[in-house]
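Working notes for the structure below.
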Number of protein chains: 4
Amino acid sequence: MTNRSTKAASRKPEADGEAPPASNRATRAAERRAAIVEAAMEEFIVRGFAATRLDDIAKRAGVAKGTIYLHFKDKESMFEELVRTVIVPVVARLNALPPPTGSVRDLIETFAGNFLKEVIGTRRGDLVRLIVAEGPRFPAVADFYYREVVSRGMAGMRALIELGIARGEIRERDLAHYPQILVAPAMIAVIWQSLFARHAPLDAQDMLRVHLDLIFGERRTT
Amino acid sequence: MTNRSTKAASRKPEADGEAPPASNRATRAAERRAAIVEAAMEEFIVRGFAATRLDDIAKRAGVAKGTIYLHFKDKESMFEELVRTVIVPVVARLNALPPPTGSVRDLIETFAGNFLKEVIGTRRGDLVRLIVAEGPRFPAVADFYYREVVSRGMAGMRALIELGIARGEIRERDLAHYPQILVAPAMIAVIWQSLFARHAPLDAQDMLRVHLDLIFGERRTT
Amino acid sequence: MTNRSTKAASRKPEADGEAPPASNRATRAAERRAAIVEAAMEEFIVRGFAATRLDDIAKRAGVAKGTIYLHFKDKESMFEELVRTVIVPVVARLNALPPPTGSVRDLIETFAGNFLKEVIGTRRGDLVRLIVAEGPRFPAVADFYYREVVSRGMAGMRALIELGIARGEIRERDLAHYPQILVAPAMIAVIWQSLFARHAPLDAQDMLRVHLDLIFGERRTT
Amino acid sequence: MTNRSTKAASRKPEADGEAPPASNRATRAAERRAAIVEAAMEEFIVRGFAATRLDDIAKRAGVAKGTIYLHFKDKESMFEELVRTVIVPVVARLNALPPPTGSVRDLIETFAGNFLKEVIGTRRGDLVRLIVAEGPRFPAVADFYYREVVSRGMAGMRALIELGIARGEIRERDLAHYPQILVAPAMIAVIWQSLFARHAPLDAQDMLRVHLDLIFGERRTT
DNA sequence: CATGAATGAGCTTTCATTCAT
DNA sequence: CATGAATGAAAGCTCATTCAT
C-alpha cells in the first residue's frame with residue numbers, strides 16, 4: 001500500500017485513459033520494483049519467509065519470475081530489503097513529527113490514535129508480527145528494525161516520559177527507565193489482532209485509554 | 001543409534017515368549033514420542049515450521065525418519081500436536097495454583113516471579129514467540145492456544161484484578177476490562193529477549209516491578 | 001561397462017529367472033551406484049559436463065533424481081568421483097602387468113595391441129577425450145588423471161625405453177626424455193576416432209606399427 | 001562502456017546530415033563483430049560452450065547483449081562461425097607458405113618452430129583443445145575443421161614426407177601413409193600445455209627436435 | 001514396530017532470446 | 001542499429017512421505 005501511492009501518483013496523468021503507455025524506463029522499473037515489494041510483503045505476511053514461493057510473488061506482482069532477480073539478489077536479500085523499504089518511510093514520518101506542544105498526555109494520545117489507525121489491524125501491523133516471527137532467522141532484519149525503529153521509538157518515548165515527569169503529569173518516576181511499559185499494550189494489541197481477533201475482538205482504543213489513565217491518572221473530563 | 005542398542009536388548013527376551021519383560025512396548029513408544037516432541041520443539045523454535053527438516057528432528061531425537069510417521073500423521077499434525085503436548089502440562093500447573101491468600105499484589109508478584117523464571121528467556125518463551133510466528137498459518141494452533149492458555153489466563157487475571165479493586169488495592173476500575181494491560185509488559189519481555197537481547201538487554205524483573213507500582217501504587221516498604 | 005561386471009557378477013545367481021529379487025541392501029545400493037556411474041559416463045561423454053542433465057542420468061540409470069544425491073554431493077563431485085571410479089580399475093590392471101620378458105619391442109607391441117583393443121574407439125577412449133575437454137575446468141580431475149595415469153604411464157614408458165636403449169633395440173638415446181613421443185600417435189588415434197573417424201577412418205593398428213618401425217627400425221620378418 | 005563513448009562521438013556529426021563522416025557504419029559494425037568474436041573465443045576457451053554466458057561475452061566485448069544477435073543467429077551459430085572466423089586466416093597463411101626450398105628437414109623444422117611459437121601454449125592452442133572438446137557436439141565445427149585444417153595439413157605433410165623419401169632424407173617409406181605420426185608430438189604438446197603444464201612443464205621444442213631426429217636420423221652438426 | 005533408501009513434486013535460480021525504446 | 005529490461009523454460013537440488021526389509 002505504501003509504495004502504491006508512488007505508483008498511483010505517477011500514473012495519475014493517464015488516469016483518464018485505460019492503457020498505461022508507460023512513462024520513461026526508470027519510472028517503469030521503479031513501478032515494477034514497487035509492485036514486487038508490495039506483492040512480496042503480502043505473501044511473506046501470509047505464509048512467512050520459508051513458505052513463500054517466488055512464483056506467487058511474481059504472479060501477484062504481475063511480472064515474470066526472472067524479473068525479481070533484476071531487482072534483488074535472492075530471496076533472502078529480497079526479504080531484508082523489503083523490510084527496509086517498507087520501514088524507512090515510516091521512520092521518516094516519525095522524524096517529521098510536529099514539535100511537542102500541549103500536554104504530554106495529549107501528545108501521547110495523538111500518537112496512540114495514529115498508531116491505532118495506521119498500524120493496529122493493518123498490513124503494517126502484520127509486518128510487525130512478521131518481524132517478530134522471522135527476526136531470529138534474519139539477524140540483519142532484527143538489527144535494522146532495532147536500530148531504525150525500536151531504539152528510536154524507545155528514545156522518543158523516554159523523552160516524553162521524562163517531560164511528563166518534569167511537568168508533574170506522570171508520578172511514577174521509574175517509568176522513564178522502561179518506555180516499553182508505555183508501548184506494551186499497543187504492541188499486544190497488534191499481535192492480538194493477528195492471532196485472536198476472530199475469537200475475541202479487542203477494543204484497542206479503549207484499552208489504550210485505560211492504560212494512559214493508569215499512567216497519567218484518570219481524566220476528569222473526556 | 002543410541003536407542004537402537006537399547007531396543008535390540010529389550011527385544012531379545014520376548015523373542016521366545018509373548019510377554020514384555022522389563023519396560024514394555026508402550027513405555028518405550030512413549031519415550032520415543034517424547035524424544036521426538038522435544039527434538040521437534042527445539043528445531044521448530046530455531047528454524048520455524050516451514051524451514052524445519054524432519055530429517056533433523058529425527059537425528060536429534062535419535063530415531064529414524066520413518067518412526068516419526070508412526071507417531072504423527074504428517075509434519076503439520078506433528079507441529080499442532082507438539083504445541084498441545086507442550087502446553088498442556090503448563091495449563092495443568094496453572095490450574096493447580098494454590099488458593100489466593102495474601103494481598104493481590106503479592107499474588108501477582110509471585111506469579112510474575114514464576115513467569116520470569118520459567119518463561120522469559122527460556123525455551124518456553126521461545127515457544128510463545130513460535131506461536132505468534134506460526135499462529136496465522138495454523139488456526140488450529142492459535143485456536144488451541146487461545147482456548148487453553150489465553151482465555152483462561154485472561155479470566156484468571158480479570159478475577160485477580162476485580163479482587164484487587166474490591167480490596168482497594170487497585171484504583172483503576174476499568175483495568176478489569178483489559179487484563180491484557182496487566183500482562184503486556186511480560187509478553188513484551190518475552191519477545192524482547194528473543195529479538196533484541198543482544199542489542200539491549202532488558203531487566204525484565206525490574207520492569208515488571210515498575211509496572212506493578214504503576215497499577216498498585218509504589219510500595220512503601222520493600 | 002567396467003562397473004557392470006561387478007553387477008553382472010552379483011546377479012549371476014538369479015540369471016536363470018527373470019525377476020531380480022535383490023540380494024541384500026548393501027548390494028542393491030552398490031548396483032544402483034554403479035548404474036548411476038555408468039549412465040553418467042555415457043551422458044557426460046556425449047554432452048559434456050555442463051550440458052548434461054541430471055534428469056537424463058537418472059532416467060538412463062533407472063533411478064529417481066533424488067537417488068543420485070544419496071550417492072554424490074552434487075553434479076561436480078559426481079563428475080570427479082566418476083572419473084576416479086572408472087580410472088582406478090584401469091590403473092590397477094596396468095600395475096598387475098606381467099613382468100617384462102622378451103624384447104622391448106614385443107612388449108610395447110603387446111601393450112599397443114591392448115590399447116588398440118581396449119581404448120581406441122571405445123568408451124574408454126571417449127573418456128580420455130572427456131578429460132581433455134573438461135580438465136581445465138576440473139583441476140581435481142586433471143590432477144588425479146595426471147597423478148594416477150599420466151605420470152605412471154610416462155614413468156613406465158621411460159623405463160621401457162631405457163631398457164630398449166640398453167639392449168641396443170633403440171638407437172635414439174634422447175627418446176627416454178620424452179616418452180610422450182612414444183605414446184603420441186596412440187593418443188592422436190584416440191582423438192581422431194572421436195572427431196574424424198567418419199570423414200577419414202584411421203587404421204590405428206597399422207599406424208602404430210609404422211611408428212614402432214620408426215623407433216626400433218623396420219622389422220625383418222612379420 | 002568504452003565503446004559507447006566512441007560510438008556516441010562518432011555519431012554526433014551525422015546527426016545534422018545524412019552522410020557518415022569518418023569511419024562508416026560498415027566499418028564500425030565489423031569492429032563490433034570482431035570484438036564479439038574475440039571476446040567469445042576467450043570465454044568459450046575458458047568455460048566451454050555450454051557454460052559460457054552470452055552476458056559475459058557481451059560485457060567483455062563492450063556491447064549490449066542484444067547486439068550479439070545482430071551478428072549471429074544464436075549461441076550455436078556464434079560458436080560455429082567463431083571457429084570459422086578464427087581458423088580462416090590461419091589457413092590462408094598456411095596456403096601462402098614460401099615454396100619449398102632447402103632440405104625437407106629444414107622446412108619441417110621451420111614449420112615446427114612457427115607452430116611452437118604461435119600455437120603451443122597460446123590462445124590458438126587452446127582453440128585446438130576447444131575443438132577437441134566440443135567437436136562431437138558440433139559436427140559442423142568438426143567437419144569444417146577437418147576440411148579446412150586437418151585434411152589440408154595432412155595432405156601437405158604427406159607431400160613433404162614423400163619429398164623427403166624421394167630425396168633420401170627419410171628412410172621409413174610407410175610414414176607417408178600416416179602424416180599423423182609426424183604431427184602427433186606437436187598435438188600432444190598442445191594438449192599437455194593445457195592440462196599438465198603446472199604439474200610437469202614440457203620442453204616442447206626439445207621434444208620436437210628429438211622426434212625429428214627419429215624420423216630424419218640424428219643431425220651431425222647443429 | 002523401526003528403519004532409512006528411494007521417490008518425485010516442487011522450489012530457487014540461471015540464462016538464451018526477444019523487443020520496445 | 002544498439003540497447004538492456006523482461007521473459008519463462010529449464011536445470012540443480014531439497015525434503016516430506018512411502019514402504020520393503
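Proteins come first, then strands; the chains are lettered A, B, ... in the order of their sequence lines, and each starts at number 1. What's counted below: heavy atoms across the whole structure, side chains too, no hydrogens, waters or symmetry copies.
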What's the CD-P distance between A:E31 and F:dA5, to the nearest Å?
16 Å

Please give, in whole Å, the distance from F:dG12 P to C:M78 CE?
8 Å

Does C:D55 use its side chain to pair, donor to acceptor, with the backbone of C:A58 at less than 3.5 Å?
no

Return one dot-bracket line describing DNA chain E 5' to 3' (Watson-Crick or G-U wobble pairs, both distances under 3.5 Å; ( ) same strand, [ ] crossing, | another strand, . none).
.||||||||||||||||||||

Looking at D:R84 and D:E81, does any basic side-chain N land under 4.0 Å from a carboxylate oxygen?
no

Stretch residues 55-73 of chain C: residues that reach within less than 4.0 Å of DNA chain F through a heavy atom
C:K65, C:Y69

Output yes when a side-chain donor or acceptor of C:D74 lies under 3.5 Å from a complementary backbone atom of C:S77, and no otherwise.
yes

Charged N to carboxylate O under 4.0 angstrom, B:E31 versus B:R28?
yes

Does C:F49 offer a backbone N or O that forms a donor-acceptor pair with the side chain of C:E134 under 3.5 Å?
yes

For B:E76 and F:dT17, what is the distance between atoms CD and C1' respectively, to the nearest whole Å?
14 Å

Closer to the 5' end of DNA chain E via nearest nucleotide, is it A:D74 or D:K75?
A:D74

With a 4.0 Å cutoff (strictly under), does any side-chain N or O of B:R53 reach OP1 or OP2 of F:dA16?
no

Without decimals, in angstroms, what is the distance between C:R33 CZ and E:dA5 P?
14 Å

